[in-house]
Structures are given as C-alpha cells and as structure tokens.
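Worksheet: the structure to be examined is printed underneath.
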2 protein chains.
Amino acid sequence: MNVKISDIAKALNISKSTVSLALNDKDIVNAETRQLVKDTAKKMGYAPNALAKGLAKNKSNNIGLILPDITNPYYGNLAKYVSEYTEDYYNYNTIFAVSNDNPQTEKKIIENFISERVAGVIIAPITNKCKDHSYIKNLERYNICYSFVTAYYTDIKTAYSMSDLEEGSYQLVKYLLDLGHRNIYFLATSSDVVPTYTRIRGYEKAFGERNIPVDSSKFIECKIANFEQAYAATQQLIVSKTNMDAIITMNDIMALGVLRACTEHDINIPETLSVAGYDNVIYSSVATIPITTVHQDLQGISRGAVDMLFDMMKNGQDYEGAVLIQPELIIRRSTARR
Amino acid sequence: MNVKISDIAKALNISKSTVSLALNDKDIVNAETRQLVKDTAKKMGYAPNALAKGLAKNKSNNIGLILPDITNPYYGNLAKYVSEYTEDYYNYNTIFAVSNDNPQTEKKIIENFISERVAGVIIAPITNKCKDHSYIKNLERYNICYSFVTAYYTDIKTAYSMSDLEEGSYQLVKYLLDLGHRNIYFLATSSDVVPTYTRIRGYEKAFGERNIPVDSSKFIECKIANFEQAYAATQQLIVSKTNMDAIITMNDIMALGVLRACTEHDINIPETLSVAGYDNVIYSSVATIPITTVHQDLQGISRGAVDMLFDMMKNGQDYEGAVLIQPELIIRRSTARR
DNA sequence: TTGAAAGCGTTACCAA
DNA sequence: TTGGTAACGCTTTCAA
C-alpha cells in the first residue's frame, strides 16, 4: 500500500514520532536526522495523508470559498486572487463551491464545508433576496471562522471586504448628471440586498447634491443579475416607450443585455441613450460599444477578505473588521452628452 | 465538542456500529432504529466528519477537477457542468484547482489531490507546450483514477472527453474557403498540443479537399491562448502588411484580441478581413462585431468525462474510452465574402 | 533529542 | 439485527 510515516520509521529504524516531527520541520529534532528523514521520505515517494492529519489536528489545511456564479469572470478573477493569495501567503489550499445564487445550495455547501472541517470560509454572497441566512452561524458551532467578500448579509455580523459600491455608483451617476441626463434607469436586484441598496444610496447622493428629486420607479428589479433579465427589462422599457436618458446596471453582463436590446430596436448608443455597467470585467471593454463602467480592485478586495479571515482564525470570530476599497470610474464610448 | 457518532450511540444506548450503519442507510438495521438514529442525529446537530470517514475508507468523497484558467467563462461553464453532474448523479463533491496553464502548478495540484485522497481526478489540460506529464502517473500509485476533459496529453493514456476539434475546424475553414478566402491565418499555441494540432488537421483537410496547398507559415504560434497575445500577433501581422483574407483563432477571447487590433488600425470587419473564434462563449455573441465561432457542447463533454471517470473508479484505470462530441458552426457577422 | 502510546471519528469485520 | 473492537495514518503528550 501507499507509503506512510511508519514505513519511513521502519526503514530508518527510528520512531514514528521522530519522523512526524522531522517532516513538519520542528527544530527539536536533530538537523541531520531531519534531513535524513526528509530525503528518505522523498525517495520512498511519501505523500502525506491530509485526511489523517486533519483528523488528528481536528481541522484541515483548506479554506472554503463560496461563489454565486463561476461562469462570470468577475467571480473567476476573485477565485483566482483568493486562492493564489491564500496559498502563497498563508500556505493553505482553497476549495471552491458554487451556490448558483441559491440559498439552499449555499446552505448545503456550508454543511459540506463543516464535514470537511475546513479551517475557514469566505463567502461571496448571492445577490438576490433571502431573508434568513442563519444557517451560516452553524459554522460557529464548529469553531470555523468566516468572512464575506464583495458584499455581506446584513443579518450576519462578521468581517467583510468589498469595493465601496456607494461611492462607485455616486461617481457614475454624478458623471451622468454632468452630461445632462436626468431620466436615469437603474437595473438591479432587490433593494433589500447590499449590492443593490448601496448603489442606490450612491445614486441618491448624486441626485441629492443637486437637489434633484429621485424617482424610485426608475429602479427596476430583476430577479437575477444576468444578461437575460437585463435584456428583458430593457425591452420592456423600450416597448413601453419610456422616456430615458440613460440605463445603468449593477454589473457589466447586464449592460451587455441592455446593449443587445437596444441594438435590436435600433436605438443608437450613446447618441440616443447612454448605457453603463459595473465591475469592469473584460467584456465591458470589448462589447459592441465599449462600456462605461466602474472598476473594482478585485485583488485588494480578495486580500482583505483573506487577511481578515486568518486574523479571525488566530484571534477568534468576534471581529468586526471591514475593508472598503475605493472604486474607479472608467469612461468609455457607451455614455455621452445627449 | 462537536457531536459525533459515539455521542448519538450513548444518548440512545446503542452501539456505535449501529449508529454508523443507520446513518449510512444500510437496510440491515431495523427500520425503526434507523429512523430513530437519524432523528436524534438531526436533533443533536450531528455533522459527519468527512476526514475521519475518508481515513477509515481510505478515500474521500471528493473528485478533483483541474482547470487551466478560471477567469475564462469556457472553463467556468465546464466547472459548473462537471460539479453539478458529479454531485447530482454520483453524489460526490468536486474540488477545483487552477493550474494557470503552468505544468509546475499542475504537478503541485496533483500532489495535493493525492494528499486529500480524492476519489478521482479530471484534468482539463493546459494548452501550451510541455513534454513531460509523467507526474500525472503518480495518481496510479495511489489507485486514483483520472480522465481528461476538453483535450488530452498524448503521453498519458487514459479516457478523454472532448469536442471533435478537427471537425469543428474543418467546418469553419471549409466555410471560409466557400466565401472565397484563401489567405487564412490561424492564431494558436504550439502545434505540439492536441487543441492546436487537431484544429490544424481540420484546416488541412478543408484545404486538401480542394487541392489547395497549405502554407504552414500561416499558423502563428502564441505562447498562451489569451487576449493579449492574439492582440499582439494581429498587430504584428497588420504592421508587416501581410496579405490576409481571414484570421481564425483557437478560442473566442483571442478573437476579441484580433478584433481590438483591427479596430485600432481601422480595418473593417468583415469587409476587409473575416475573423472567427472558437468555443462560442458568451462574449463572442456580444463583441464589437458578433463573432463567427464553433460551438462546443460543454455539458455533453463534461458528462462524458465524469461518466468515464466513475466507470474507471469501478472497473480500474486501464480503460481507454473516448467521447468525441460533434461541434456546430455558428455563423455571425464577423465573416463575409470579400 | 528520541520513543511509546493514546487519541482523533469513522468504518468494517467478526461474534453474538 | 446489533455490539465489540481493530484499524485507518497522523499528531501530541509524557517519559526516557
């Protein structure tokens, strides 16, 4: 069978404990012994059994990352940054799971992470409505720390790291107001969730600064923040001959949906209508018309979440840090003065 | 501490074995006992320890999936299909890892998967050159089966599931020849790797059918199959005033890079130059000019790889199945008769 | 600096 | 149908 610690011990005529100690680089073992052990381990093709190790220590060397949608490069990049940083800097591995924007799935994932005895969990929240996230607290019963990334659930108190969405939305709307637009539609999910209501606050702030009243009927709610729903919502607006100066969305993929609907109805962008997205993922720059958007520093966001998680793993879950990263308005061709 | 099987046994005054049997739905235990055990387990908040379970059974309930690039929605979709199918149909979990198109990283991932004692591994190969993949065979020493998805390494014999790339490329090139194009450039990685040379074979077949000689200097090699390198290669071609009818690429992201370079040099597409991608990921349809491409049935590909893997897990690694899924040419606006 | 042995939570075999 | 017990491969405590 596979070579294990006891095999190395037998081969070297020393005890299992010494081998274990040596393999883990403890300096209480003689330097020569240590080297010898490591060499023979390599020679014999020893591969540590993470399961046994985890069982003995009652926790694994993995942290779990929950993503709502892995087909969106926004989360793909997030996954990349989180796992690279976790591995390079903290020497832990990352295991991913995809919630598909479904609270039930998210719950199952958490149960599974508990079973796997992950050392910590980072959650990228689902972006649609769900009132009860208490299942997340199960993690605490197992002393598993968790932090949020990209947003957070208001009913769960823990560290979070995200872009300052309110500020980003504020800058974008201010810019559109500067261009002379007034009828600015906003396509997003339920205003109950953080990613939406923070953006709405930014929108309102920009309007408020100029004493322009906000018409909340311009906030259009989509069930899911994807291409199809943004496309459908835009068609609806066009067909009902709504008076619009601009449409902004909560992510770039939705902006693509808006573009598609406009193209099909021969609406010229940006001449007749300005369109803007959010996130600055690659295809906002390569779309039919390069899209004005708001850049998020995903790398910074990722590091914030990882750092705070490991901080909590060291000092306990009751930590209420927050990392809020400044966004950057990216102006492209999809927006213009009327 | 966390509730475990022995706690349930104690509470119910029965043995650990019975509890374990009941929890695993074995019908040798009395139906009532079984229900009782399950109920109390739930009541006590029991969460099975996957580590202990894996140790006892000497394998975990996870399969490992290696992706070369998680920021590409092509692989994001693949990950989604593989994990959903694995979970729903086989009741195993999927753990992802990202090789970043780097053989060293891939090797490390495999070592880690071995440590985690995954039940099986599915590898989506890196698309650039690497002569030695023998580290993959380490899996066999641990009786861990593996299959390939989307492509395969020629030096490793095992089951693979992929789209018929040769056929897809053949159809695309045939279509371009039909449009009257002759100077068809192909941007890809090294012709040593399967994803490239299968496509080249399709290209050659289309030319061969019409007795048109193939000029292999039209195959441009990029180190990595991404936006930047395709952009750079196209610029190179444009600047050197190459006589071109069409540029095709090995994936849609590269086609976007081509588009970008052409736009910057005021080259009209498709009037002056036809461009085509491959994969049919979402942004080929929403690009500046919607891109002609070849659709891959990712769901079918994913299922093939998963099915064969579980087949091997049952019947042994020496299995040489292959699933080759038929592609579909998707014609959009980026290609036209000159 | 090293060794012996207990313990982590589960499964699986054999007996009852 | 149930119970007792060894075993999985590692860490860790205590003693030497």
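Residue numbers begin at 1 in each chain, while the letters A, B, ... track the order of the sequences. Atom set for the values below is all heavy atoms of this structure, side chains included, hydrogens, waters and symmetry mates excluded.
The residue among B/Asn13 and B/Leu55 whose nearest nucleotide of DNA chain D is located toward the 5' end is B/Asn13.
Ring-plane geometry between A/Tyr85 and A/Tyr89 is classed as parallel, the angle between the planes falling under 30 degrees on a 0 to 90 degree scale with a further cut at 60. Ring planes of B/Tyr90 and B/Phe310: parallel class, angle under 30° (limits at 30 and 60°).
Looking at heavy-atom distances under 4.0 Å, A/Leu51 makes no contact with the nucleic acid at all. Looking at heavy-atom distances under 4.0 Å, A/Thr33 makes contact with sugar-phosphate atoms alone, never a base.
With rounding to whole Å, A/Asn61 atom CG is found 20 Å from D/dG9 atom P. Put simply, CG on B/Asn58 is 15 Å from C1' on C/dG9, counting in whole angstrom units. Going from atom NZ of B/Lys16 over to atom C1' of C/dG9 covers 7 Å, rounded to whole Å. The distance between atom CG of A/Asn49 and atom P of C/dG9, rounded to the nearest whole Å, is 16 Å. Rounding to whole angstrom units, CG of residue A/Asp7 and P of D/dC8 are separated by 11 Å. For the pair B/Lys4 NZ and C/dT10 C1', the interatomic distance rounds to 11 Å; values are reported in whole Å. For B/Ile14 and D/dT1, the CD1 to C1' distance is 11 Å, given to the nearest whole Å. In this entry the distance linking CD1 of B/Ile8 with P of D/dG3 reads 14 Å, nearest Å.
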- Task: With side-chain contact (heavy atoms from CB on, under 4.5 Å) as the test, would you mind laying out the steps for B/Cys145 and B/Leu309 before giving the verdict?
- Result: CA-CA 7 Å; B/Cys145 298; B/Leu309 178 68; 4.0 Å; yes

- Before giving the answer on side-chain contact (heavy atoms from CB on, under 4.5 Å), spell out for B/Ile66 and B/Glu106 the whole-Å C-alpha distance, their side-chain angles and the decisive distance to 0.1 Å. CA-CA 8 Å; B/Ile66 306 181; B/Glu106 194 175 71; 4.3 Å; yes

- Dump the intermediate steps for side-chain contact (heavy atoms from CB on, under 4.5 Å) on B/Tyr152 and B/Ser147, then the final yes or no. CA-CA 9 Å; B/Tyr152 57 89; B/Ser147 68; over 6 Å; no

- Task: Go through B/Thr40 and B/Leu12 one step at a time and tell me if the side-chain contact (heavy atoms from CB on, under 4.5 Å) criterion holds.
- Result: CA-CA 8 Å; B/Thr40 38; B/Leu12 255 40; 3.4 Å; yes

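The pair A/Lys108-B/Glu87 meets the salt-bridge criterion, with a side-chain N (NZ, NE, NH1 or NH2) lying under 4.0 Å from an Asp/Glu carboxylate O. Between B/Lys38 and B/Asp25 there is a salt bridge, since at least one side-chain N of the basic residue sits less than 4.0 Å from a carboxylate O of the acidic one.
The environment of CD in A/Glu140 is crowded: more than 12 heavy-atom neighbours from other residues, nucleotides or ligands sit within 6.0 Å.
Between the side chain of B/Ser17 and the base of D/dG4 there is at least one donor-acceptor pair of N/O atoms closer than 3.5 Å.
The side chain of B/Lys57 contributes no N or O atom lying less than 4.0 Å from OP1 or OP2 of C/dT11. The side chain of A/Tyr46 places an N or O atom within less than 4.0 Å of a non-bridging phosphate oxygen (OP1 or OP2) of D/dC10. Between A/Lys53 and D/dC10 there is no side-chain N or O to OP1 or OP2 distance below 4.0 Å.
Outside the 6.0 Å centre-distance limit, the rings of B/Tyr160 and B/Phe148 are not counted as a close aromatic pair.
Shown for residues 18-29 of chain A: residues whose heavy atoms fall under 4.0 angstrom of DNA chain C, namely A/Thr18, A/Ile28, A/Val29. Of all the residues in residues 108-121 of chain B, not one reaches under 4.0 Å from DNA chain D with any non-hydrogen atom.
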